[in-house]
There are 2 protein chains.
Amino acid sequence: MKATYKDVKSDILSKITTGEWAPGNLVPNEVDLAATYGCARATVNRAMRELADDGLIERRRKAGTRVRMTPIRQARFDIPIVRVEIEEKGAEYRYSLVSSSVEPAPDWLRARLKLSNKSKVLRLVCMHYADGDPYQHEDRWINLEALPQAKTVEFDEVGPNEWLVATIPFSDVEISFSAGLADQRLTDYLACAIGDPVFTIERSTWWEGQAVTYVRLTYKPGHRLTTRY
Amino acid sequence: MKATYKDVKSDILSKITTGEWAPGNLVPNEVDLAATYGCARATVNRAMRELADDGLIERRRKAGTRVRMTPIRQARFDIPIVRVEIEEKGAEYRYSLVSSSVEPAPDWLRARLKLSNKSKVLRLVCMHYADGDPYQHEDRWINLEALPQAKTVEFDEVGPNEWLVATIPFSDVEISFSAGLADQRLTDYLACAIGDPVFTIERSTWWEGQAVTYVRLTYKPGHRLTTRY
DNA sequence: AAGTTACTTATGTCTAGATTTATACTAAGA
DNA sequence: TCTTAGTATAAATCTAGACATAAGTAACTT
């Protein structure tokens, strides 16, 4: 009898999946549901709120709750820190700094991060290895206006990613995934052939409205990003 | 004074982002926080629960709540229905069924979906166009043991994706992203050259433990999947 | 020293109410 | 007919308290 919010949630879920409550249909209101399940309204509310978060139902004040026509299915990816990603596979992680230089921000980067004309950036090229094999190539640009202290950091031992995570606690982020081709420069680093298809993640990060860093992560050919839900 | 759960949440968030509560630190317990914010414990609880869902803090009974060492940042993607995806870009959507056949499940598919030896599948090849240009190639396999009614459906007008969404309301899903090369077959459909890098999404779907469908979606070269948070 | 048990504590969940807020609907006025 | 002001409703949130559950800790046993 005494239903928990999980009971309510899974019962409503099954009513939706079996089609008893078809897409577009109005779901009974919270008070009625609380009565039928013999629980408090807050319990029903939590179940419904989570279902709404999951994209299965749509809730509007006064209008009531209805089953979504096309359930919005969301995939969640944990944006991986390379070291953790590699270690979780049981492989030994190795990091190497390829080059480091301070230079004026190139035009494409200024446009992408909305930087001022005379912005200087710290450009870092790094490699990440799993059990000695090339795993990921990191091409990173750090806005020295936002993070002047980056200039003095030695990135020989600790990768810029981990340093940034420890330094800027929270940020706005834009991530995009795409497929590209390995060019001459990449083939050397990733030990692959020119024209191999490579998986690329690009990430731009802002903090308090100011651009902090842009990074292009290129994985060795064959890499897959997988999620289950 | 009277703090809402959003007040509490954003205040805690700012304490974390400013570094006042550093990664690894123990956060005051719910009772104390409720006292400092002058609200009920349930209000603090909701704020904390959402922060934990967002991956910023880690909670354990008895052990208390602490700030995550490496904030797990999750990217959420809405798994798009191609038609909606294209229409949202303001382009005109067109769908075309290329081929449809019933055949025994090939070995790689049986392995991937854990199908029985004698499983028959419906294989559909489709194309999706945006403003007349090739946008996505769909190579779909439907398990006829799970969905025998699929055999009788005409997929001339409505794409299998939309039919499936309307037919199976909920499922377990495995999605993976990767980069690949356009082969001879794909270049014709996608109007690209052999060796062009293409972005591929593979999705396997189960319902009540039974494999329903596997689909390989290949986007035209240059496609990007982007998210912000 | 190692294993077991009891205690304590922080989070997890529920209850039965109340208040607030957004908004669909309706009726009055222009 | 169009606009606007009101009203009722359903969700959104909060409260103060209760019990449940997991997990460190300490005390006790072997």
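Given the structure is predicted, the values throughout are model-derived calculations rather than measurements. Lettering follows sequence order; numbering is per chain, from 1.
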Are any of A:Thr43's side-chain N or O atoms less than 4.0 Å away from OP1 or OP2 of C:dT15?
-> yes
Winner on side-chain proximity to A:Tyr5, out of C:dC14, D:dT13, D:dT15, is C:dC14
Test A:Glu58 against A:Arg66 for salt bridge (Lys or Arg N to Asp or Glu O under 4.0 Å), laying out the working first.
-> CA-CA 5 Å; A:Glu58 223 168 357; A:Arg66 48 185 68 239; over 6 Å; no
Rounded to whole Å, CD of B:Glu58 lies from C1' of C:dT11 at a distance of 14 Å
Rounded to whole Å, CG of A:Leu51 lies from C1' of D:dA11 at a distance of 15 Å
Side chains of A:Arg46 and B:Arg46, heavy atoms from C-beta outward: is any pair under 4.5 Å? no
B:Ala42 has its side chain closest, among D:dA16, C:dT11, D:dA11, to D:dA16
Checklist entry - Just to confirm, is there a sub-4.0 Å distance from OP1 or OP2 of D:dT13 to any side-chain nitrogen or oxygen of B:Arg46? => result yes
Is it true that a side-chain atom of A:Arg68 and a backbone atom of A:Gly55 form a donor plus acceptor pair closer than 3.5 Å?
yes
Rounded to whole Å, the CD-P distance (A:Glu30 to C:dA18) equals 17 Å
### Message
Does C:dA10 have OP1 or OP2 under 4.0 Å away from a side-chain N or O of B:Arg59?
### Response
no
Out of C:dT11, D:dT13, C:dT15, minimum distance to the side chain of A:Arg49 belongs to D:dT13
Using the rule given for side chain to side chain contact (heavy atoms under 4.5 Å, CB included), can you reason through A:Leu113 versus A:Leu109, listing the C-alpha separation, both sets of side-chain angles and the distance that settles it, and then say yes or no?
CA-CA 6 Å; A:Leu113 297 183; A:Leu109 186 65; 3.8 Å; yes
B:Met48 CE to C:dT13 P, in whole Å, measures 14 Å
Here the distance between atom C1' of C:dT11 and atom CG of B:Leu33, to the nearest Å, is 12 Å
B:Asp32 atom CG is separated from C:dA10 atom C1', nearest whole Å, by 11 Å
Closer than 4.0 Å, any side-chain N/O of A:Arg61 to the OP1 or OP2 of D:dT13? no
The residue, A:Lys62 or A:Lys6, whose nearest nucleotide of DNA chain C is more 5′ is A:Lys6
Out of D:dG24, D:dA10, C:dA10, minimum distance to the side chain of B:Ala63 belongs to D:dG24
> Does D:dA11 have OP1 or OP2 sitting under 4.0 Å from an N or O in the side chain of A:Thr65?
Replying inline: yes
side-chain contact (heavy atoms from CB on, under 4.5 Å) with A:Trp141: of A:Leu122, A:Val121, A:Thr213, A:Leu124, only one passes, and it is A:Val121
B:Asn45 atom CG is separated from C:dT9 atom P, nearest whole Å, by 20 Å
B:Arg66 CZ to D:dG24 P, in whole Å, measures 10 Å
Margin query: Any N or O donor-acceptor pair under 3.5 Å from the base of C:dG12 to the side chain of B:Arg41?
Written below: yes
